[in-house]
There are 2 protein chains.
Amino acid sequence: MAGDAPLSTSFSDWQARGFDAAACPVRNVLDRIGDKWTTLVLTALAAKPRRFNELHRIMPDISKRMLTQTLRDLERDGLATRHVFPTKPPSVEYRLSPLGQSVLAPLGALVEWADRNYATIREARARFDAAAELRSGPN
Amino acid sequence: MAGDAPLSTSFSDWQARGFDAAACPVRNVLDRIGDKWTTLVLTALAAKPRRFNELHRIMPDISKRMLTQTLRDLERDGLATRHVFPTKPPSVEYRLSPLGQSVLAPLGALVEWADRNYATIREARARFDAAAELRSGPN
DNA sequence: CGGGATCCTGCAAGATACTG
DNA sequence: CAGTATCTTGCAGGATCCCG
């Protein structure tokens, strides 16, 4: 598999240069991806631009506060843009920037991996938990 | 760009079937990737198997507690395996399972994206913050 | 060496209420 | 409609000590 070569080599590169986790680009960006909602919002915006409440309706289990914050972060990072239409009442549309669109491919690959291997992972978890229960509380 | 088609279509698929965030495979898996340390540990194990304190030495800013927990989670999900050698004192080696190795490619793609676009993102942030400061506190 | 057990703290994030 | 403001809490995660 060719995919892992870049990862391991880049790791030894970072190591060699003295690794600073706080300034690490990868951490910095992956922290966002790992955000509870970022990936979901990105995905929702992938299809087409959407308005605030439209997003909220699509993802009912995110609070307005968190949706606002997630969108702000995306805007701040230049992944999404915000367009206000001064209608009555006001409507605000969010859309992916070119940069935002460019992350869809790698992100999509990861999502696809997650989808394909979820069953396997669930089985692994079940086995692990069963084994752990035997060890600690075989009542 | 062909990469975003899968993402947006899979999103509408989820939508159509009634979307449950708690059971969402993607969330479930990406939560792990988003963990503070998971990606880093995965990357460290990509090159070769490593022992506990070896990992700790490589990543000094992770506490033993968190390293243990991260490794346990990886083991639980079937991404890594744990091998105990009953020497004196004991030594424990962690290595990626085939499943763990299979995530390196998509994860690597994302890491590469992060690396390539980090400068752009930093600039976007700086611009956004400067603009925000003008709006709120132009003293 | 490779952890487990415990204590403690800050901040992420939900709930609720208000506004232009 | 599209947010902000404030309060409150859970729990991730660091520090510390102990153990086989």
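None of these values were measured; they are calculated from a predicted model. A note on names: the letters A, B, ... follow the listed sequences, proteins ahead of strands, and every chain is numbered from 1.
With hydrogens and angles disregarded, a donor-acceptor distance shorter than 3.5 Å links the side chain of A:Ser97 to the backbone of A:Gly78.
Partners of B:Asp73 under the side chain to side chain donor-acceptor pair (under 3.5 Å) rule, at least two apart in sequence or in another chain, do not exist in this structure.
By the 4.5 Å heavy-atom criterion applied to side chains, B:Trp37 and B:Asp61 are counted as neighbours. The shortest side-chain heavy-atom distance between A:Trp113 and B:Leu99 falls under the 4.5 Å cut-off. With contacts defined as side-chain heavy-atom distances shorter than 4.5 Å, the pair B:Phe128/B:Glu133 does not qualify. By the 4.5 Å heavy-atom criterion applied to side chains, A:Leu96 and A:Thr81 are not counted as neighbours. Side-chain contact between B:His56 and B:Arg50 is absent, with no heavy atoms from C-beta onward closer than 4.5 Å.
Residues of residues 65-74 of chain A having a heavy atom closer than 4.0 Å to DNA chain C, listed by number: A:Arg65, A:Met66. If you check residues 80-89 of chain B against DNA chain C, the residues with a heavy atom closer than 4.0 Å are B:Arg82, B:Pro89, listed by number.
No continuous path of hydrophobic side-chain contacts links B:Phe85 to B:Leu55 [ILVMFWY only; heavy atoms under 4.5 Å].
Scanning DNA chain C 5' to 3' for nucleotides with an atom closer than 4.0 angstrom to a non-hydrogen atom of chain A gives a first and last hit of C:dA13 to C:dG20. Along DNA chain D, read 5' to 3', the first and last nucleotides having any atom under 4.0 Å from a heavy atom of chain B are D:dG13 to D:dG20.
Where B:Lys64 and A:Lys36 meet DNA chain C, the nucleotide closest to each residue was compared, and B:Lys64 sits on the side nearer the 5' end.
Each end of the helix from C:dC1-D:dG20 to C:dG20-D:dC1 gets its own axis, taken as the rotation carrying the C1' atoms of four end pairs onto the next four within a five-pair window, and the two axes meet at 50° to the nearest 10 degrees.
Across B:Thr38, B:Asp77, B:Thr70, a single residue satisfies side chain to side chain donor-acceptor pair (under 3.5 Å) together with B:Arg32, and that is B:Asp77. A side chain to side chain donor-acceptor pair (under 3.5 Å) with A:Tyr94 is found for one member of A:Glu54, A:His83, A:Arg82 and no other, namely A:Arg82.
Annotation for B:Arg122: atom CZ does not count as buried by contact number, only 12 or fewer foreign heavy atoms lying within 6.0 Å.
Between A:Glu93 and A:Arg95 there is a salt bridge, since at least one side-chain N of the basic residue sits less than 4.0 Å from a carboxylate O of the acidic one. Contact check on A:Arg72 versus A:Glu75 returns a salt bridge, with a Lys/Arg side-chain nitrogen under 4.0 Å from an Asp/Glu carboxylate oxygen.
In this structure, CG on B:Leu40 lies 12.0 Å from CG on B:Asp35, to the nearest 0.5 angstrom.
Checked by atom type, the side-chain pair A:Arg125/B:Asn28 shows a donor-acceptor distance below 3.5 Å.
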